[in-house]
Amino acid sequence: MCSLAASSAVADPATSRGWSVLALAYALTLASMAQVGVVAALTLDLAGALGLTAAQIGQGLALFSLPSALLAVPCGALVDRVGARRVLVWSGLAGGLADALAVAGGSPAALYAALLLSGLAFTGISVAAPALLAAAYRGGRQVRAMALWSTYAPAGFALGLVLGAPFAQTGHWVLPLALHGALLGILGLWALALPHLVPARPVQAGGLPDRRAAWRELGLVLRQPGVLRLALAVAVPSAISYGTSLVAPAWLARVHGASMAESATVVAAAKGVAMMLGGLAAGAVLARAGQRRVLFAGLAVAGALAQALLFWPGGSLALATAALFAWLLAFSGLGAVAMAQLPALAQAGAAAGTNRRGTVSGVVGQAISLLSFLAPAIYFGMAGWIGYVLLASGGLALAALALPNVAPREQEQS
């Protein structure tokens with residue numbers, strides 16, 4: 001995949017392309033992430049059908065995160081080598097195959113293998129999609145596209161809950177898995193209609209082979225401070241959001257007397273609505289924003305305050321629900337501001353005729369997965385609400401300090 005031509009007599013298609021590329025890339029990412037929500041909703045059904053405990057199903061879900069934690073950076077290099085479209089097609093079909101394996105296998109081993117394959121598919125989609133969007137759009141369109149896409153994790157989890165919950169404890173757990181697999185397979189095939197942005201194949205002047213040159217490009221990216229700072233600025237709020245999602249339903253049920261079903265519904269509804277609204281609003285603001293680090297810092301402060309109100313045991317369920325909604329709005333804004341920096345950082349310092357969109361996306365994705373992999377143990381190990389608040393406040397302050405300063409005009413030229 002290579003950079004689009006900067007200017008010519010014909011209008012740059014990246015400045016006039018419609019929103020179909022964003023719609024498909026976002027739908028694929030949501031559907032892939034929804035696997036976690038579907039399995040979470042069907043935990044008791046799967047445990048009963050396969051002779052497992054609910055804890056073992058939860059441990060199996062960790063396999064979904066494992067491929068991203070290990071392979072996101074190499075996957076980014078693959079995207080730069082073969083193109084985002086191919087990776088999206090392969091990954092969508094692999095995700096559909098994973099659901100078929102879970103349905104047909106009927107054993108714990110088959111479920112674990114399906115979750116691992118689903119995680120591998122998610123790795124490809126979550127790395128290729130932002131690289132595609134960075135290449136497909138320019139200027140304000142690019143900012144809006146990256147902002148909306150950055151809401152995929154909570155929104156996708158909520159989609160999975162919505163898909164799986166109606167079938168929970170009905171004996172029909174196979175149906176939502178089959179529907180999810182069919183959806184991913186269809187979207188994977190539909191990805192064949194995406195524009196083919198030809199991958200760059202960097203070759204040194206001395207004739208360095210493509211593969212060795214690709215590894216050299218990866219080394220250059222990893223030595224770029226702005227990329228590592230961006231990875232930290234995106235990954236820390238993502239891990240906080242993931243940990244919050246894991247403990248919030250049980251916390252609301254225990255502290256405010258709600259049932260687990262009620263609290264889970266509150267969390268899912270807040271996620272779906274807040275993330276979509278937040279992503280759209282953040283994209284509109286970012287397209288005109290000047291000081292993005294100031295905006296990010298303000299959202300971090302708002303997010304820390306929302307976390308305090310969410311977990312404060314002296315409040316009410318209504319206050320906690322409003323705080324959860326506010327936290328998700330702040331989180332969607334944080335992700336949007338940070339991910340809007342990716343295209344310019346991918347272009348910075350790249351040799352003529354090359355790009356690093358996939359590699360930079362892979363570095364960010366791997367950082368998210370590594371910290372999110374640690375989040376369950378950290379959050380479930382917390383004893384009280386003060387620990388949740390201090391963790392969120394410290395993490396958000398660290399993310400605000402880490403965010404690289406990329407001026408909007410650089411974003412326009414990327």
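Numbers here simply count residues along the sequence, with the first being 1. Everything numeric here is computed off the predicted structure, so don't read it as measured data.
Within 6.0 Å of the CH2 atom in Trp190, the count of heavy atoms belonging to other residues, nucleotides or ligands does not exceed 12.
In terms of modelled atom types and a separation under 3.5 Å, the side chain of Gln341 and the main chain of Pro404 share a donor-acceptor contact.
For Phe64 and Phe122, the ring centers sit closer than 6.0 Å to each other.
Taking the ring centre of Trp149 as origin, the terminal cationic atom of Arg144 falls outside the region bounded by 6.0 Å and 45° from the ring axis.
With rounding to the nearest 0.5 Å, the separation of CG in Leu44 from OG1 in Thr53 is 10.5 Å. The distance from the CD1 atom of Ile186 to the CG atom of Leu93 is 11.0 Å, given to the nearest 0.5 Å. Taking OG from Ser68 and CG from Leu370, the interatomic distance works out to 9.5 Å, rounded to the nearest 0.5 Å.
Between Ile240 and Tyr379 the shortest side-chain heavy-atom distance falls below 4.5 Å.
With sequence neighbours excluded, no residue satisfies ring pair (Phe, Tyr, Trp, His ring centres under 6.0 Å) with Trp173. By the ring pair (Phe, Tyr, Trp, His ring centres under 6.0 Å) test, Trp251 is found to be paired with Phe311, Tyr388, residues two or more places apart in sequence or in another chain being considered.
Sorted by first and then second residue, the pairs that involve residues 298-311 and meet side chain to side chain donor-acceptor pair (under 3.5 Å), not counting sequence neighbours, are Thr244-Gln307.
For Ser369 and Ser65, the side-chain atoms include no donor-acceptor pair closer than 3.5 Å.
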